[in-house]
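A, B, ... follow the sequence lines: proteins, then strands. Residue 1 opens every chain.
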Amino acid sequence: MLQVQFIRDHKDEVIKKLAIRNIDAAPMIEKVLSLDEERRGVQTKLDNTLAESNKLSKEIGNLFKSGKAAEANEMKAKTAELKESSRELSEKLNETANELTELLYKIPNVPHPSVPAGNSDEDNEEIFREGEVPELYEGALPHWELAKKYDIIDFDLGAKITGAGFPVYKGKGARLQRALISYFLDKNTAAGYEEYQVPHMVNEASGYGTGSLPDKEGQMYHVGADDLYLIPTAEVPVTNFFRDVILNESDFPIQCTAYTPCFRREAGSYGAHVRGLNRLHQFDKVEIVRIEHPDKSYEAHEGMIEHVKEILRDLKLPYRILRLCGGDLTFTSALTYDFEVYSTAQERWLEISSVSNFETFQANRMKLRYKDADGKNMLAHTLNGSALALPRVLAGILENYQTPEGIVIPEVLRPYTGFDIID
RNA sequence: GGAGAAAUGGCAGAGUGGUCGAAUGCGGCAGUCUUGAAAACUGUUGAGGGUCACACCUCCGGGGGUUCGAAUCCCUCUUUCUCCGCCA
């Protein structure tokens, strides 16, 4: 969430920049400012009341000590009124503060200056394209047909034991999946990211920390009996390592990577675009997360982009990079680059990575700070990206590497798979 | 799952109703001394709100209560430890 102080100091700028997201934020911002003013007013009144009753309490204590019980008891009577008004004031304070926080939760991050205006994914800006789209032979198939033909992914079996969108990987399919995970993790750790294995469920506070709550409440699976959420991405547990943490400047850069399954309800998705591996309720992903000094975060962001590029080059998959427009930018992000791999048989682009800089938006919710040179606590910047999401990479490999003889395994994966063709 | 114990500042650890935001030690930072460093000594060292700056207010795991007054008493939740049970 945005800092109230920042909104106070940059009101017009915030409104102007949120317009890039097609949001008329002026009414909300005005409300924030008036609530904030109200909150501070009530706070001051409450403070004064408490100060007075603290003073009285001390005096009463002193009177008792010096044996003047009668005077002390007389004074006690005076405190009742103060108590009553401080009770009222603190209720009022709570109300106002809660209202303010709830409102702040509804205001998305301010986009970076480079974010283009726009309404939907059609307005995203392609900034880079690389890799050759292979000429497919006559009779080439989409990945879900290939999965069936070579018996490497069983969607029906998954539907039987769990439901639609929970595939079962078999044989060489399962092995390829594991190869990709290992390859990604090795690649990330070689680039300086420390590997973690994390819980696949998180508590409510973590959900709020990264912004999955309350904005995406309905998208997460909730385990009611224990009030836990299945993670939609490793970003949530990993970034929350740093919730309520004050770092030293020397701790930067912090680079983490983690493989986890990701669980998404995807309520409202339907149709041909969710076929096969295109959109699942459970999928595997290797995530990279960075915690950075504000001065270095965009440099780090570029570094993450280069890193993901390198992986896709290794895999020799045709891909492009988009700079997301204001309308397509996720709630918490200031700047996001999407990587899309070309699905040759479907003749469409599939998102396989989303690399974002959240600046202080998550850090403010999480109270993730560092001590600067003057000893002041400042909010850090958080970033993350996929490196990479498995199913669509797998779809890309199956479709782009298909031959009449079978599916050729990309060179870099062979040490991990132990075979070079699926036939 | 059952029984018991505990949770205090970066760490260790005092504090059982009043002047305690909290002794002491370690660590960190600054200074003195030194060619430099170490040692020694001196000072300093939590977070949030608020203010031009002070004042002032809040925070001793979380929430609630008793009291004029709570780190200290009561209730509740969470977590950790010990013992028993169960178990990959």
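Between A/N73 and B/C68, a side-chain N or O to OP1/OP2 separation shorter than 4.0 Å is absent. The side chain of A/K45 contributes no N or O atom lying less than 4.0 Å from OP1 or OP2 of B/G50. Look at A/K55 and you won't find any side-chain N or O under 4.0 angstrom from OP1 or OP2 of B/G69. Considering only side-chain N and O atoms, A/N54 lies nowhere under 4.0 angstrom from the phosphate OP1 or OP2 of B/G69. The side chain of A/R40 contributes no N or O atom lying less than 4.0 Å from OP1 or OP2 of B/G48. A sub-4.0 Å separation between OP1 or OP2 of B/A47 and a side-chain N or O of A/R369 is absent.
Taking atom C1' in both B/A55 and B/U45, the straight-line distance is 23 Å, to the nearest Å. Only the C1' atoms considered, B/A40 is 46 Å distant from B/U78, to the nearest whole Å. Comparing B/C87 with B/G13, their C1' atoms sit 38 Å apart, to the nearest whole Å. One P atom belongs to B/G64, the other to B/C11, and the distance between them is 25 Å to the nearest Å. Going from the P atom of B/A70 to that of B/C57 covers 13 Å, rounded to whole Å. Using C1' as the reference atom, B/U58 and B/A3 are 38 Å apart when rounded to the nearest Å. Remark: the separation of the C1' atoms in B/A23 and B/A71 is 14 Å, to the nearest Å. Rounded to whole Å, the C1' atom of B/U67 lies 16 Å from the corresponding atom of B/C75.
In summary, the aromatic rings of A/Y337 and A/H301 are positioned with their centroids under 6.0 Å apart.
Across all strands shown, B/A38 forms no Watson-Crick or G-U wobble pair with both distances under 3.5 Å. In this structure B/A6 sits in a base pair with B/U79, meeting the Watson-Crick or G-U test at under 3.5 Å. With both pairing distances under 3.5 Å, B/C33 is matched to nothing as a Watson-Crick or G-U wobble pair. When both pairing distances are held under 3.5 Å, B/U67 makes no Watson-Crick or G-U pair with any nucleotide shown. Using the Watson-Crick or G-U wobble rule with both distances under 3.5 Å, B/A55 pairs with nothing in any strand shown. B/C20 is unpaired under the criterion used here, namely a Watson-Crick or G-U wobble arrangement in which both key atom distances are under 3.5 Å.
Considering only side-chain atoms of A/S57, the nucleotide from B/C57, B/G49, B/G18 that sits closest is B/G18. Residue A/N377 has its side chain nearest to B/G48 when only B/G49, B/U58, B/G48 are considered.
A donor-acceptor pair under 3.5 Å is formed between the side chain of A/H143 and the backbone N or O of A/L277.
Between the CD atom of A/E91 and the P atom of B/G63 there is a distance of 16 Å, given to the nearest Å. The distance from atom CG of A/D244 to atom C1' of B/G48 is 12 Å, rounded to the nearest whole Å. Atom CZ of A/R87 and atom P of B/G65 are 7 Å apart (whole Å). The distance from atom CG of A/N94 to atom P of B/C57 is 19 Å, rounded to the nearest whole Å. Computed from coordinates, the A/D227 CG to B/U78 P distance equals 11 Å when rounded to whole Å. In this structure, A/R39 places its CZ atom 17 Å from P of B/C57, rounding to the nearest Å. Rounded to a whole Å, the CG atom of A/L50 is 11 Å from the P atom of B/G69. Atom CD of A/Q43 and atom C1' of B/C59 are 12 Å apart (whole Å).
Counting non-hydrogen atoms under 4.0 angstrom, A/I60 reaches a base of the nucleic acid.
No more than 12 heavy atoms of other residues, nucleotides or ligands sit less than 6.0 Å from atom NZ of A/K367.
The residue among A/K371 and A/N62 whose nearest nucleotide of RNA chain B is located toward the 5' end is A/N62. The residue among A/N48 and A/A80 whose nearest nucleotide of RNA chain B lies closer to the 5′ end is A/N48.
Judged purely by distance below 3.5 Å, without hydrogens or angles, the side chains of A/Q362 and A/E235 pair a donor atom with an acceptor atom. Using modelled atom types and a 3.5 Å distance limit, the side chains of A/S343 and A/E399 yield a donor-acceptor pair.
Applying salt bridge (Lys or Arg N to Asp or Glu O under 4.0 Å) to A/K31 and the options A/E99, A/E38, A/E37 leaves one that passes, A/E99.
A cation-pi arrangement is found for A/K172 relative to A/F419, the charged atom lying closer than 6.0 Å to the ring centre and inside a 45° cone about the ring normal.
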